[in-house]
Colleague: 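Before I ask anything, here is the structure I am working with.
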Protein chains: 2
Amino acid sequence: MNKKILYVEDEVFLGKIVKETLETKGYDVLMETNGAHVINHLQRFHPDICVLDIMLPGKNGYEVAAEIRAINELLPIIFLTAKVQTEDVVKGFKTGGNDYIRKPFSIEELIVRIENLLQIKQSAPDLLEEEKIGNFLFYPTKQLLVLNENHRKLSFRESELLKFLWIHRNAIVQRRDLLNHIWGNDSFFNSRNLDVYVTKLRGYLKEDPSIEIITIKGVGYRFITG
Amino acid sequence: MNKKILYVEDEVFLGKIVKETLETKGYDVLMETNGAHVINHLQRFHPDICVLDIMLPGKNGYEVAAEIRAINELLPIIFLTAKVQTEDVVKGFKTGGNDYIRKPFSIEELIVRIENLLQIKQSAPDLLEEEKIGNFLFYPTKQLLVLNENHRKLSFRESELLKFLWIHRNAIVQRRDLLNHIWGNDSFFNSRNLDVYVTKLRGYLKEDPSIEIITIKGVGYRFITG
DNA sequence: TAGATGAAAGGTTAATTAAGGTTAAGGGCT
DNA sequence: AGCCCTTAACCTTAATTAACCTTTCATCTA
C-alpha cells in the first residue's frame, strides 16, 4: 500500500514534475491547483501527508492548512514557500504546519522531508531489547537506563531522544529532524524544549565520560560514544 | 580539487555566461555544444555532475542522458529546457535525470541545485578517530585537540577548518573551497569569517613550531607540517 | 631602478548577535 | 499529590560582523 500525498500547487508545470518524480519513488500523488477544492479531496483521498504551496489563487496555503487541521489534527503538512520572512514561517507553524521548504527547492530535498515526516527511516536498524551505550544499559521499550546498580526510569521524550541519538550515533543529527521526530514539527517553541531535554540527558549520561553529546551550533548534535 | 561540471548547451551566448558564472563559483566547467560528443568527454573529463540542455542539434538531451546512465548509474544529471510540454519532463526523469530546470532560469537557481545534488553524493576522505598532527593529537569527531596534558575542545567550525587543512596538508587550499565547504558559499561576509577562524587555529597550533598555516595571498592557504 | 604610494588582501581584536544551556516555575493529567 | 511536559527567565558561548591594523604587491615617480 503506497503512501498517499496530497499536493497543492498552482504552477502546473512544476507540479507535474514533482508529481511524476514522487510517483517514481512509490507514492500515490493527487495534485490540485485550487486551494478551495482541497477539503473535498481530503475526505475521499485520505492522504498520509499534504504538501501545500503557500501562494495559491483564491485560498492561500495557510487557510487551507487551517481547514485541514480542523478536520485532522495529526496529518503532516509541509509548506512550500518563496517568501523568506520569519513571519511567514511563524504563521505557517501557527496554522499547523509541520515543516516548510523554500522555493526553489530540489526534489530530493522534498523527498527527504516527506520521508522524515512519514517516519520512513532509510536504514534505521531496529533497536534490541537491551542496548549497550558506553557503560550504560539502555532498554528502549522499558524506557530504562541502567548503570551498575543504578536504575533510572526515563520519560517518553527522554527515551525517544536517547533512541534517536543512539541510532544516529557518531553522525550529525539535525535539530530539525529531532524535532520532527519527537515533537512532530520544528517550530521554535519546541526548539527550546529540545534544549531542555538535551540538558537532562547530559545530566544522566555524565557518569560515563566516554559518552558525549556534542553541540553543532545552528545545525544539531552529534552523539559520541567511546 | 574543484568539482567538475559537464555542461551541454547549444546556445553559445547563454552558455558562455553560465560557464563563466559557474567558474567564478569555483567549478571547472567543460562546455559542449554537440550532444554526440558528450560520451567522449565523459571518459576524459570525469565530471562530478552533468547539466544538459534538452534541445540539442543531432542528439537530444534525453538520448545523451540515457548514454550517460549506461556508463554511470550515479552521476547526477540536471536537465535544462525551454519546452513546456509535460511529456518531455516525464521523459526526462524516466531517462534518469535527477533534477530539472525550466528555461529561462536564474543562474542562482542552477547553482543551488548543483550544490544540492553534489552534496548528496559527496563524502570526504575519511579521517581516523585519532590523527597525529605534529605533536598534537586531533580527534575529528570529538572535536578535540590534545597537546601533552592540554585538552582543547574545538568548536564545530574550528574543527572543520582544521580537518580540511589537514586532509589537504602541504597542498594549496583555495579560500573559496574552504568557504564552500565550511560555510556553504563564498560570499564576502563569510570570507572575513574565515580569516577570524584561521587566526584562532594559528593561536591553538603555535605551541608546535613545526606546524604552520601559510598564507598565499589572493589564493588561499597551505598547511605545513614537519 | 630604488623608493614612494596606494589599493587590496588578510590579520587581529573586540563588539554584537544569535543559539543553545541551565534552572526553575507553571500547568495539565492521572 | 506526583509526574511529565512546557514555558520562561536568565546565563554562557559560538558565530558573525565590525573596526582598525599590517603586509603584499602593483604602479608611479624621481
Side-chain angles (χ1 to χ4, degrees), chain A residues 84-86 89-90 93-94 142-145 151-165 172-179 181-206 211-223, chain B residues 24 142-145 151-165 172-206 212-223:
Chain A
V84 270
Q85 270 80 18
T86 321
V89 174
V90 172
F93 285 119
K94 284 217 171 119
K142 290 184 192 155
Q143 299 180 196
L144 192 63
L145 190 62
H151 289 229
R152 185 192 299 274
K153 188 98 182 67
L154 300 183
S155 79
F156 176 70
R157 308 245 124 136
E158 291 165 350
S159 177
E160 285 301 301
L161 176 57
L162 180 55
K163 246 197 268 186
F164 200 95
L165 290 172
I172 293 176
V173 303
Q174 300 199 274
R175 287 180 72 84
R176 167 181 224 186
D177 291 333
L178 275 165
L179 288 164
H181 183 254
I182 302 178
W183 280 271
N185 69 64
D186 68 351
S187 77
F188 50 69
F189 303 115
N190 289 331
S191 192
R192 299 318 317 276
N193 222 327
L194 173 59
D195 301 333
V196 171
Y197 276 87
V198 167
T199 297
K200 286 187 186 178
L201 263 196
R202 280 180 173 148
Y204 302 162
L205 295 171
K206 71 167 180 287
I211 296 176
E212 198 181 349
I213 300 174
I214 291 177
T215 303
I216 294 157
K217 201 163 171 151
V219 181
Y221 296 95
R222 172 180 243 150
F223 188 60
Chain B
T24 66
K142 290 185 183 159
Q143 300 178 193
L144 190 65
L145 190 62
H151 289 227
R152 185 191 299 274
K153 197 102 188 54
L154 300 183
S155 81
F156 179 65
R157 309 242 119 132
E158 291 165 352
S159 177
E160 285 301 302
L161 176 56
L162 180 55
K163 246 198 267 187
F164 200 94
L165 291 171
I172 294 175
V173 303
Q174 301 200 275
R175 285 180 73 85
R176 62 158 181 258
D177 289 335
L178 275 166
L179 288 165
N180 281 323
H181 182 256
I182 302 178
W183 281 271
N185 67 66
D186 62 353
S187 77
F188 169 77
F189 289 115
N190 289 335
S191 188
R192 299 318 316 276
N193 224 326
L194 172 59
D195 301 331
V196 171
Y197 277 88
V198 167
T199 297
K200 285 187 187 176
L201 263 196
R202 280 179 173 147
Y204 302 162
L205 295 170
K206 71 168 179 287
E212 200 180 347
I213 300 174
I214 293 175
T215 303
I216 295 155
K217 199 175 165 116
V219 182
Y221 297 95
R222 186 198 286 265
F223 187 60

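Labels below follow one simple rule: chain letters A, B, ... track the order of the sequence lines, proteins then strands, and each chain is numbered from 1.
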Colleague: Can you find a side chain N or O atom of B:Ser191 that sits less than 4.0 Å from OP1 or OP2 on C:dA9?
Modeller: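 No, no such contact exists.
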Colleague: Using five pairs at either end of the helix from C:dT1-D:dA30 to C:dT30-D:dA1, determine the angle between the two local helix axes and round it to 10 degrees.
Modeller: 10°
Colleague: Could you list all N or O pairs between the protein and nucleotides 3-6 of chain C that sit under 3.5 Å apart?
Modeller:
none

Colleague: Strictly below 4.0 Å: does B:Thr215 bring a side-chain N or O up to OP1 or OP2 of C:dG11?
Modeller: yes
Colleague: Taking only residues two or more places apart in sequence, or in another chain, which ones meet A:Arg152 in a side chain to side chain donor-acceptor pair (under 3.5 Å)?
Modeller: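 Scan of A:Arg152 (side chain to side chain donor-acceptor pair (under 3.5 Å), adjacent residues dropped) gives none.
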Colleague: In chain order, what residues pass the side chain to side chain donor-acceptor pair (under 3.5 Å) check against A:Ser159, with sequence neighbours excluded?
Modeller: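 Side chain to side chain donor-acceptor pair (under 3.5 Å) check on A:Ser159 returns nothing, list empty.
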Colleague: Considering just the side-chain nitrogens and oxygens of B:Asn193, establish if one lies under 4.0 Å of OP1 or OP2 belonging to D:dA15.
Modeller: no
Colleague: Not counting sequence neighbours, which residues clear side-chain contact (heavy atoms from CB on, under 4.5 Å) with A:Val219? List them please.
Modeller: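 A:Val219 satisfies side-chain contact (heavy atoms from CB on, under 4.5 Å) with A:Ile172, A:Gln174, A:Ile216 only.
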Colleague: In whole angstrom, give the distance that lies between atom CD1 of A:Ile214 and atom P of D:dA14.
Modeller: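 Value for this atom pair: 12 Å.
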Colleague: Kindly indicate, with the supporting measurements, whether the criterion side-chain contact (heavy atoms from CB on, under 4.5 Å) is fulfilled by A:Leu205 and A:Phe223.
Modeller: CA-CA 11 Å; A:Leu205 295 171; A:Phe223 188 60; 3.8 Å; yes
Colleague: Looking at A:Trp183, does any N or O in its side chain come under 4.0 Å of the phosphate oxygens OP1/OP2 on D:dC5?
Modeller: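 Answer no for this pair, as no side-chain N or O of A:Trp183 is under 4.0 Å from OP1 or OP2.
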Colleague: Salt-bridge test for A:Glu160 and A:Arg157: reply yes if a basic N is under 4.0 Å from a carboxylate O, no otherwise.
Modeller: no
Colleague: Under the rule for ring pair (Phe, Tyr, Trp, His ring centres under 6.0 Å), what residues qualify as partners of B:Tyr197, not counting sequence neighbours?
Modeller: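 Once residues adjacent in sequence are excluded, the partners of B:Tyr197 under the ring pair (Phe, Tyr, Trp, His ring centres under 6.0 Å) criterion are B:Trp183.
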Colleague: Looking for any heavy atom pair under 4.0 Å, which part of the strands does A:Phe156 touch: base, sugar-phosphate only, or nothing?
Modeller: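 Here A:Phe156 touches the backbone only, sparing every base.
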Colleague: Taking only side-chain nitrogens and oxygens of A:Tyr221, does any of them come within less than 4.0 Å of OP1 or OP2 of C:dG21?
Modeller: yes
Colleague: Identify, with sequence neighbours excluded, every residue that meets side-chain contact (heavy atoms from CB on, under 4.5 Å) alongside A:Lys142.
Modeller: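 A:Glu129, A:Tyr139, A:Leu144.
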Colleague: Please name all residues satisfying side chain to side chain donor-acceptor pair (under 3.5 Å) with A:Thr215, sequence neighbours left out, ordered by chain then number.
Modeller: A:Arg202
Colleague: What nucleotide, of D:dT7, C:dT13, C:dG21, holds the atom closest to the side chain of A:Val196?
Modeller: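 Per side-chain heavy atoms of A:Val196, the pick is D:dT7.
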Colleague: Look at the side-chain N and O atoms of A:Thr199 and state whether any lies under 4.0 Å from the OP1 or OP2 oxygen of C:dT23.
Modeller: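 No, because none of the side-chain N or O atoms of A:Thr199 sits under 4.0 Å from OP1 or OP2 of C:dT23.
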Colleague: Polar atoms only, N or O, under 3.5 Å: list the protein pairs with nucleotides 10-13 of chain D and their distances.
Modeller:
unit_1	atom_1	unit_2	atom_2	d
D:dT13	O2	A:Lys217	NZ	3.1

Colleague: List in chain and number order the residues that pass salt bridge (charged side-chain N to carboxylate O under 4.0 Å, His left out) with B:Glu158, two or more places apart in sequence or in another chain; answer none if no residue qualifies.
Modeller: none
Colleague: Please name all residues satisfying side chain to side chain donor-acceptor pair (under 3.5 Å) with A:Glu212, sequence neighbours left out, ordered by chain then number.
Modeller: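 Once residues adjacent in sequence are excluded, A:Glu212 has no partner under the side chain to side chain donor-acceptor pair (under 3.5 Å) criterion.
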Colleague: Please name all residues satisfying side-chain contact (heavy atoms from CB on, under 4.5 Å) with A:Ser191, sequence neighbours left out, ordered by chain then number.
Modeller: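 side-chain contact (heavy atoms from CB on, under 4.5 Å) list for A:Ser191, sorted by chain: A:Arg175, A:Leu179, A:Phe188.
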Colleague: Taking the nucleotide of DNA chain C with the nearest heavy atom to each, does A:Val219 or B:Ile213 sit closer to the 5' end?
Modeller: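 Closer to the 5' end of DNA chain C: B:Ile213.
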